[in-house]
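Read the structure below first, then the notes.
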Amino acid sequence: MNPDFPLKAYLDERKALIDRALEDFLPAGGSDPPLILQAVRYSLFAGGKRIRAILCLAAAEAVGGKAETVMPAACALEMIHGYSLIHDDLPAMDNDDYRRGKLTSHKVYGEGVAILAGDALLTEAFRVLARRKSLSGIPAERILDVSREIAEAAGYQGMVGGQVLDIRAESERIGMEALHEIHRLKTGALLRVSLRAGAILAGAGEAALADLSDYGEKIGLAFQIADDILNVEGDPALLGKGTGSDAARGKITFPSLLGIDASRARAEELVIRAVASLFSFDDSATPLREIARYILVRRS
Ligand code: IPE
Ligand code: IPE
Ligand code: MG
Ligand code: MG
């Protein structure tokens, strides 16, 4: 860690900026908002680290762009992530009761509205990307490329595909290779595209984009290994979600295949390699280097 970098203040400040921008995209809607807006806002503003949005902004800055210019894309990524969590918690999937320290959407609004709140967030993300005033000043081709990349990373070739493999794997004794693939798709794809989106919109060259993709792949896997470890030994009060559920469901995870110590060592190695991917970047990539290290020590 770089002791001079104020990581906590940085993350807090970024999170506040992102929350404010999300609030502008999805305002409260007066004193009697429609039920769907209540449900969407309930989950979206329940907290959350906003790490995908933070990565998007930081990637733009690492290639010389400005964070505020790419903020709509950062918000779109958080909307897609929020949708994925609402659906992930449903009884038909992980059947979890708590998320971000609050009851899950289906516990409060019922399954039907929770499914639709997820649908609404997913759809809203692409509306935000396509609004003329959202990413004004950025060439339309870049916005098209980013929209397509986000769709690919979120859809059947990415996160959704990974979620399907993940639920199928509950009834199989999968090995390390299959587990890697699940983690790469269900979690890695969206983290990786968060970096690519920020960088592409900011006009990154091919070499920088390739390095940031590499970094994203590595922290994506490290992030899900850390999530698996936290499910074993995290503090539910800090995490805002239950622990022990993977073991209870007999899920194959990094800790169940390798044990906690070897899982942590694997995540550490990935973070070292992620930071190494940023070798060609100057100080503008300091936040990305520090975020990679934070993934290992995070408690929520
Ligand atoms: C949780 O993601 C689900 C995974 C993909 C591991 P986060 O840990 O980023 O959740 P929030 O957004 O901070 O709640
Ligand atoms: C979540 O994976 C991945 C997505 C939502 C795409 P998990 O099911 O392992 O994450 P948590 O532990 O519920 O947050
Ligand atoms: Mg899941
Ligand atoms: Mg889950």
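One-based numbering, in listed order, for ligands and for the atoms of each. Predicted model only: the values in this text are computed from it and were never measured. Side-chain atoms are counted along with the backbone in the values below, which use heavy atoms only and exclude waters and symmetry mates.
What sits closest to atom 10 (O) of ligand 1 on the protein, heavy atoms only, is His81 NE2, 3.5 Å. The nearest heavy-atom contact from the protein to atom 7 (P) of ligand 1 is Lys49 NZ, 3.4 Å.
Residue contacts with ligand 1: Leu85 is included, with a non-hydrogen atom under 4.0 Å away. Remark: distances from the non-hydrogen atoms of Arg52 to ligand 1 include one below 4.0 Å.
Using a 4.0 Å cut-off between charged side-chain N and carboxylate O, Glu170 and Arg249 make a salt bridge. Between Glu290 and Arg293 there is a salt bridge, since a side-chain N of the basic residue sits under 4.0 Å from a carboxylate O of the acidic one. Between Arg148 and Asp145 there is a salt bridge, since at least one side-chain N of the basic residue sits less than 4.0 Å from a carboxylate O of the acidic one. Under the 4.0 Å criterion applied to side-chain N and carboxylate O atoms, Lys251 and Asp228 are not assigned as salt-bridge partners. Taking 4.0 Å as the cut-off between side-chain N and carboxylate O, Glu233 and Arg264 count as a salt-bridged pair. A salt bridge is defined here as a Lys NZ or Arg NE, NH1 or NH2 lying under 4.0 Å from an Asp or Glu carboxylate O, and Arg99 with Asp88 meets this definition. For the pair Lys241 and Asp96, the salt-bridge criterion is not met [side-chain N within less than 4.0 Å of a carboxylate O].
Between Glu78 and ligand 1, not a single N/O pair is under 3.5 Å apart. Looking at Gln224 next to ligand 1, no N or O pair under 3.5 Å apart turns up. The distance criterion of under 3.5 Å between nitrogen or oxygen atoms is not met by Arg99 with respect to ligand 1.
Near Thr187, meaning under 4.0 Å from one of its heavy atoms, ligand 1 places the atoms 5 (C). Annotation for ligand 1: atoms under 4.0 Å from non-hydrogen atoms of Arg100 are 11 (P), 12 (O), 14 (O). Each of the following atoms of ligand 1 lies closer than 4.0 Å to a heavy atom of Gly48: 11 (P), 12 (O), 13 (O), 14 (O). Every atom of ligand 1 is numbered from 1 in the order shown, and the set under 4.0 Å from a heavy atom of Asp227 is 6 (C).
For Asp94 and Ser245, the side-chain atoms include no donor-acceptor pair closer than 3.5 Å. Side chains of Asp227 and His183: no donor on one and acceptor on the other come within 3.5 Å.
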task = Might you work through the side-chain contact (heavy atoms from CB on, under 4.5 Å) test for Arg196 and Leu209, ending with a clear yes or no?
result = CA-CA 6 Å; Arg196 289 184 61 87; Leu209 198 52; 3.7 Å; yes
query = Should Asp24 and Arg20 be marked as a salt bridge (Lys or Arg N to Asp or Glu O under 4.0 Å) after you check the CA-CA gap, both sets of side-chain angles, and the distance that decides it?
reply = CA-CA 6 Å; Asp24 288 342; Arg20 217 171 308 139; over 6 Å; no
task = I would like to know whether Lys66 and Glu61 meet salt bridge (Lys or Arg N to Asp or Glu O under 4.0 Å); could you show each step before the answer?
result = CA-CA 6 Å; Lys66 281 200 164 38; Glu61 290 178 326; over 6 Å; no
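Taking a cut-off of 2.8 Å, the protein N, O or S atoms nearer than that to the Mg ion (ligand 4) are Asp88 OD2, Asp94 OD2.
If you look at Arg298 next to ligand 1, the close heavy atoms, those under 4.0 Å, all belong to the side chain.
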